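Read the structure below first, then the notes.
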Amino acid sequence: MKIASVIVDVPTKQTDREFDYLIPEQWLETIQPGMRVIVPFGPRKIQGFVTEIKGESEFKKLREISEPMDLEPVLNKELLELGNWLTENTLCFKIYAYQAMLPAALKAKYEKKVKLSLGVTLNDLPAALHEVFEKGEEILWEDALKNGLVPILQREAAKGLLEVIYLVKGKLNKKKLRFVSPLLSPADLEAELNALPLRAQKQKDALRYFVHTPEPIELRQLSTDLKISAATVRALVEKGLLTEQDKEVYRDPYENRTFTRTEPLPLTTDQQEAMGPILGSIENKLHEVFLLYGVTGSGKTEIYLQSIQDVIEKGKEAIVLVPEIALTPQMVNRFKGRFGNLVAVLHSGLSAGEKYDEWRKIQRKEVKVVVGARSAIFAPFENLGIIIIDEEHETSYKQEEMPRYHARDVAIERAQKYNCPVVLGSATPSLESFARAQKGVYKLLSLPNRMNQRALPAVEIIDMREELREGNRSMFSRKLLELLKGRIDRKEQSVLFLNKRGHSSFVMCRDCGYVMNCPNCDISLTYHRVHEQMKCHYCGFESHVPTQCPECSSDYIRYFGTGTQKVEDELGKILPEARVIRMDVDTTGKKGSHERLLKEFHEGKADILLGTQMIAKGLDFPNITLVGVLSADTMLHLPDFRSSEKTFQLLTQVSGRAGRHELPGEVIIQTYTPEHYSVELAGTQDYDLFYNREMMMRKAHHYPPFYYLALITVSHEQLITVVGATEKITAFVRSRISNQAVVLGPAASPIPRINNRYRYHCLIKYKREPELSKTLKAILDQYQNDPKSGLLVSIDVNPYILM
DNA sequence: CTTGGGGACCAC
DNA sequence: TGGTCCCCAAGT
């Protein structure tokens, strides 16, 4: 038992396996599977994950582990195994799988430095280097590169005067505070106190304090409270009366917040019926997947809360996933309010340090519940009792980088191990999940009614073509404008929703139709008013806004599409009295501004909340009685088989923001395609009908849930090369797949070029292909590790974005 | 005969 | 990924 198998932090095909290392004597007791270690790899030192401890190795010339990076494993046995599952299912490198499970703060950073060899002094070096090594004995390789010192350094290194060292920076700044506590009993302290000389008043003060309160206290606190210095305390420590120690403390992002404790609410009959099977599954330790299908405002969250309550009472733990944009303070409050400090929150708004601290609470079993976005599915619990995924249909649960996992799949995989239920909640379930519920793979639980029997808001669909025909060229229909005015008069609030995705503000010449495109990527540039610039969203290319058309020199070159900024400007013109809060990436960039803006709106400091996707979810303010969707169909025409589904879900979600409390709500949906079923049925809020219509479409076109998908994307700087390679790959897939499957391609990707690389696709639609995984792996084997060809091949199993 | 650039291969 | 080893071609 002295050899460790290690997955090293080198993401390549050839190193995507275990390497064996000897465990040095002094670490024999320490090193365990799941720990991060620093290991020598070739000439450098890198991070690795210990996956196994074993007695012997095939490999003869083993090297030793340099040092452990953790005192306890950061991955438990279950997560280590889950890593294998992720690797298999998403075709990623093991190292990516493990890194995805940990907070970013635990990812190693590397430093390469040059320093003087032992016993070498400045004078041994050529004069040119004296200045360089004057300050310290080491310099960063990067700096050497910048200053063109590499050749000289190499020369001296060859002579043995200098050496290159590699550092793995895994040191975490755990926030530590110094605490002071007494070493003696109060009575003994009292005696010592009296023995102190008269002039040691400050020391006496300190001891007197500890006679009364023997608990540890933070040094800073003690010295401000008693107006004594740290030196005074030090003196007492040296006399052996007190002791100092560093304690790890957490950066608590919710430190200065108080959460009103809530008690479980009485459930409606509907809720009780829906919760019964979940509790049954918890009770009987059964792994089951429930689809909790409940209209907006039907009280799903209370079911989550009470199920979790039950799980906690059984001494187990719960993971709650929420889409990133819905991780609002409101949502956090509900969980913190019910479970207090048993809750850890993980979302992208936290700093790396804060995220790490929240994760530590989980690791140290100090919390029982995690509420977080996608990656919280990897919370290192060891006794899971339930996993809840709210807004199950959200596409943000699919990670688009390696490992390309879907949190729902990971949830089910983990829940199976723990024999516990998974609850998928949604008002507009994804077709995949609803279909599974219909087939009985998932158990369907329905909440058909809003709590307190509030009617769903009245929805009216406005045909914007009609408006245009009647001479209204603004982006607000007459009806919407009239209703907005009414709300302002009545001091009620409105929400205006703009779906910017699809056609954001681009620049087009009205004379010749020229559209400003990115020179590197085949997509139009987006206009940003803040810097008066055109930007490419894919490669970051920036350019000035033209005043003249580059093609025909016309001055008549204008912005098209409607950004939130433009809507705000126009609102200012036609409704100057309206107070507007705008929420989009530009106004919520800074930490906490999201929360601040919502608070202002909640306090009635504005009449209209104008925003993008981020306001579609979780808003629950009593005074909102009007929701306006400015253009319902912007995402409808994206080249994506899910665009109808997304449109329907989004419109339904947004509509649900209105009239959630006493005041009844109204919804206006403006559209250029009122006849499209996803718009029409969002108007009547008829999910079941939508489901049936959409299922027919999916069946007809061989899409999920009838077929599984796998997408192969190939890119290269040369068009001919991509096409050739994609043709080969496509032919290879065709030759290895049954005739039940459909293989599309080679075809140009919907974004045919990004960053000067042409992109081609091969899309595989299949039902059951046991050999497919092997085929895909073979393709990766062939192309993934072939940098000389310049080809990049990526494979997304169950893709959510087909671009 | 040196120098330097590029590709193949390896790492435990 | 970073490094080294090895080969080949151009330069002294």
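What's counted below: heavy atoms across the whole structure, side chains too, no hydrogens, waters or symmetry copies. The sequence lines fix the lettering, A, B, ..., with proteins before strands; numbering per chain opens at 1. Bear in mind the structure is a predicted one, so any value in this text is a computation, not a measurement.
A salt bridge is defined here as a Lys NZ or Arg NE, NH1 or NH2 lying under 4.0 Å from an Asp or Glu carboxylate O, and A:E432 with A:R642 meets this definition. A salt bridge links A:E81 with A:K417: the closest approach of a Lys/Arg side-chain nitrogen to an acidic carboxylate oxygen falls below 4.0 angstrom. The pair A:K169-A:E111 meets the salt-bridge criterion, with a side-chain N (NZ, NE, NH1 or NH2) lying under 4.0 Å from an Asp/Glu carboxylate O.
With rounding to whole Å, A:I46 atom CD1 is found 13 Å from B:dA11 atom P. Nucleotide B:dA11 holds its C1' atom 15 Å from the CD1 atom of A:I95, rounded to whole Å. Spacing between atom CD of A:E18 and atom P of B:dA11 amounts to 17 Å, rounded to whole angstrom units. A:Y110 has its OH atom 16 Å from the C1' atom of C:dG3, to the nearest Å. In this entry the distance linking CD of A:Q47 with P of C:dT1 reads 16 Å, nearest Å. Straight-line distance from the CD atom of A:E111 to the P atom of C:dT1: 20 Å, rounded to whole Å. Between the P atom of B:dA11 and the CG atom of A:D20 lies a distance of 13 Å, rounded to the nearest Å. Rounded to whole angstrom, the span from the CZ atom of A:F59 across to the C1' atom of B:dA11 amounts to 8 Å.
Nucleic acid contact class of A:Y21 (heavy atoms, under 4.0 Å, all strands): sugar-phosphate only. Using a 4.0 Å heavy-atom distance criterion, A:K112 is classed as a sugar-phosphate-only contact. Within 4.0 Å (heavy atoms only), A:S57 reaches no atom of the nucleic acid at all. Heavy atoms of A:Y166 sit under 4.0 angstrom from primed sugar atoms or phosphate atoms, though from no base atom.
For A:Q14, the side-chain atoms get nearest to C:dT1 when compared with the rest of C:dG3, C:dT1, B:dC12.
Looking at A:R36, A:R364, A:R360 one by one, the single match for salt bridge (charged side-chain N to carboxylate O under 4.0 Å, His left out) with A:E72 turns out to be A:R360.
A search for salt bridge (charged side-chain N to carboxylate O under 4.0 Å, His left out) contacts involving A:K398 returns A:D796, not counting sequence neighbours.
For A:R44, no side-chain nitrogen or oxygen approaches OP1 or OP2 of C:dG2 to under 4.0 Å.
With centres under 5.5 Å and a plane angle under 30° as the test, the ring of A:F19 is not stacked against the base of B:dC12.
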